[in-house]
Protein chains: 2
Amino acid sequence: MSKIVRMKDIAAMANVSMGTVDRVIHNRGRVSADAQKKVMDVLEQINYKPNLIARTLSSSRNYRVAALLPDAELDPFWRSSIQGIQQAHSEHSQFGITISYHFFDPYSGDSFRQQAHDALESGPDGILLAPTLRQEALDFAGICREQQIPLVCFNTYIHELAPLAFIGQDLHQSGRLAAELMTMIAAPGTILVTHIGEQVQNSAHIGAKETGFREFVREKGSSHFEVNTVQLESPSRSGFKASLAQALETHPHTKGIYVTTSKAYEIARSLEELGKTDIRLIGYDLIDENLTHLRNGTINLLINQNSDRQGFLGISYLTDHLVFQKPIPTLQYLPLSIVTRENLNSYITSQEVN
Amino acid sequence: MSKIVRMKDIAAMANVSMGTVDRVIHNRGRVSADAQKKVMDVLEQINYKPNLIARTLSSSRNYRVAALLPDAELDPFWRSSIQGIQQAHSEHSQFGITISYHFFDPYSGDSFRQQAHDALESGPDGILLAPTLRQEALDFAGICREQQIPLVCFNTYIHELAPLAFIGQDLHQSGRLAAELMTMIAAPGTILVTHIGEQVQNSAHIGAKETGFREFVREKGSSHFEVNTVQLESPSRSGFKASLAQALETHPHTKGIYVTTSKAYEIARSLEELGKTDIRLIGYDLIDENLTHLRNGTINLLINQNSDRQGFLGISYLTDHLVFQKPIPTLQYLPLSIVTRENLNSYITSQEVN
DNA sequence: ATTCACATTGTGTACGTAAACATTTTTATA
DNA sequence: TATAAAAATGTTTACGTACACAATGTGAAT
């Protein structure tokens, strides 16, 4: 029977005007201690839930969100993040959300600083950030905090950033999962953990996966498997395939390769060219380049970081925070999705609507 | 620059009143051909998107939704569906959605009819249905169509129901996936597909999984694996373990068991009691009973039907349809999530909020 | 031409909140 | 005490839509 309580009702119960109730609820000040108490007393008795619909309609202002993430032209991994952001945007545009995009070179501090500057220039009410560069991200987060701009981060977890929300994957656990899967599908022998032309800045990020991987093997598979880390040339250089071949010669009993980034397709391509078919390959992310090899069997498993959903949730959370003033999760770990040839389509199909 | 167009603007452009615009947009009739044309012309030129916020606030009526699904007391599988429904409800209750629950015995037509009758009695504006009983569901859907009550179904796909939306899993593909996983982790030998005390009504439902499973093995694993179907006693009967032991004697080279329902824990328990440790076990759903065995390793893999998300989406779609009059997907297949010991937590953890 | 029935069109109010604005009360100052 | 300034409180309007209601216009029957 509990009818919905409105500000009007509270005003009546407390014997004050709606204006006063409004001032108390939003503590805008300019209220006598007496009135304050009267309203607070009522608020404690009843369970007032503001009507978010009415609130949104009333204060129908426009919110600007700046999305700051690497350029998908430079790394296709980010394509799906952008898709997720765009989908969230199209679902929320009616709430007066506009998004400006600022794409940076994921390995260039200068590029980041430039784009970050532009993002701030646009006078955003909220910022969505993929903090691939640690130090630059920290500096930027400081400015956001100074300027009181809500910051939501995704993909790369950096504890000290202390954003309003982080959305991503538990990387340590992700590494453990990869190891579990590898020990399930690979024959006993050597497992290579590959790092491909990585920059120093990313080392913490990648490190958590490797640590998790090794931890699992130590716990559960040390009798059958030996883990070795190899550093390969950047795929953009001609030496890439050679450096892989070299690694395989050094470790002749290699039965599996774990690629900690979305670049498994580069390894897959080289393995095909080298005619190696007895090596299990586990990598990350449903980018087109990987899917081809997952379908033809060169890549056996992919762990999906759900970066489309990361982008989607990032924008959704900012909308909830800005528009609806709803509480949002501080830390949102997404599922560690395992993708094979047979469940791939269930992860990438979109549905018709009516 | 494209300012948002309101009904007011359309009225001005077409030289009519807002009332007329309203009548045209909602084709409530009582409009002259002349006025109709004037408004339509404007509507074709501009891109009018109604403000759903304002619409919702204005027609702030209450919607009743009836949820009709099996009793979780009789089958724990349904617990998570209910959780999902409740979560969606708590997120949408501010939009004036109230839900009445009607739990039936999943194997009793009488029970279903009784609860379905109650559900209709409650005068719902929308219905969420888990159509476990085929014929009864068809009859019920007919009544819903007659009474023009929107019907959203989940979990069990029945084509002839033709609901507003179906949310669930592609069962054929689910079977294929199970087979792919089984051939990855099991040693060559016999694979058993088990049916546990199933009712006739569910045969179509379960059949799709088995067909998919066999199809995959035929295509990709026929040289190493032989698939056999076994029918076991209902776990409630004392003969369950014996019937399993009997099946394993009949098929002495059994290396894997595929349980097409959420009852893998029953098999796991019996396997433990029988001391069988070399048989891989793949089942469905993250119910507590299964998780225990997944954690201790008796169950190797679970395929998650995401029934919490099914319930959540079911209510969300009904809300979108009723409250926001948004288009919703006709057919929403959810991902075929693969769950292991190491990614289990990423599927069941909930987050703190701020 | 007058009246009535009916079709069409226009106007006003409600939804619940936020925020601008107007009014009253209190306090400080001369 | 008178008066201005400041503080507190109350009132009104806007947000965009839906819907009830009022006001026109049209044509037919008397």
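Keep in mind that what you see is a predicted model, and the values were worked out from it rather than measured.
Residue B/Thr56 places no side-chain N or O under 4.0 Å from the OP1 or OP2 atom of C/dC15. Distances shorter than 4.0 Å separate some side-chain N or O of B/Tyr48 from OP1 or OP2 on D/dT17.
No more than 12 heavy atoms of other residues, nucleotides or ligands sit less than 6.0 Å from atom CD of B/Gln45.
In this structure, CD1 of A/Ile10 is placed 11 Å from C1' of C/dG16, rounded to the nearest angstrom. In this structure, NZ of B/Lys8 is placed 16 Å from P of D/dA18, rounded to the nearest angstrom. Between A/Ile25 atom CD1 and C/dA18 atom P there is a gap of 8 Å when expressed in whole angstrom units. One atom, CZ of A/Arg55, and another, C1' of C/dC15, lie 16 Å apart when rounded to the nearest Å. Atom pair A/Met18:CE and C/dA22:P shows a separation of 18 Å (rounding to whole Å applied). Note: NE2 (A/His26) to P (C/dT17) measures 9 Å, nearest angstrom. Across the protein-nucleic acid pair, A/Asp34 atom CG and C/dT25 atom C1' stand 13 Å apart, rounded to whole Å. Here the C1' atom of nucleotide C/dA14 and the CG atom of B/Asp22 are 14 Å apart, to the nearest Å.
Using a 4.5 Å heavy-atom cutoff, the side chains of B/Leu69 and B/Thr132 are not in contact. Within the 4.5 Å cutoff, the side chain of A/Leu128 has no heavy atoms near those of the A/Tyr317 side chain.
Proximity note for B/Arg28 (side chain, C-beta onward) versus D/dT9, D/dT17, D/dC19: the nearest is D/dC19. Closest to the A/Ser59 side chain, of the nucleotides D/dT9, C/dA19, C/dA14, is C/dA19. Listed candidates were C/dA18, C/dT9, C/dC15. Nearest to the side chain of B/Ala35 is C/dT9. Checking D/dT17, C/dA18, C/dG10 against every side-chain atom of B/Arg6, the shortest atom distance belongs to D/dT17.
Using a 4.0 Å heavy-atom cutoff across all strands shown, B/Arg30 reaches at least one base atom of the nucleic acid. Contact annotation for B/Arg23: base contact, defined as any heavy-atom pair under 4.0 Å involving a base atom. At the heavy-atom level, B/Asn51 lies under 4.0 Å from the strands shown only through sugar-phosphate atoms.
Comparing B/Ser58 and B/Asn15 against DNA chain C, the residue whose closest nucleotide sits nearer the 5' end is B/Asn15. Sequence order on DNA chain C of the closest nucleotides to B/Leu57 and B/Ser32 puts B/Ser32 first from the 5' end.
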Yes or no on side chain to side chain contact (heavy atoms under 4.5 Å, CB included) for B/His102 and B/Phe104, after CA distance, side-chain angles and deciding distance? CA-CA 7 Å; B/His102 306 272; B/Phe104 57 88; over 6 Å; no
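For B/Ser90 (side chain) and B/Gln87 (main-chain N/O), a donor-acceptor pair under 3.5 Å exists by modelled atom type.
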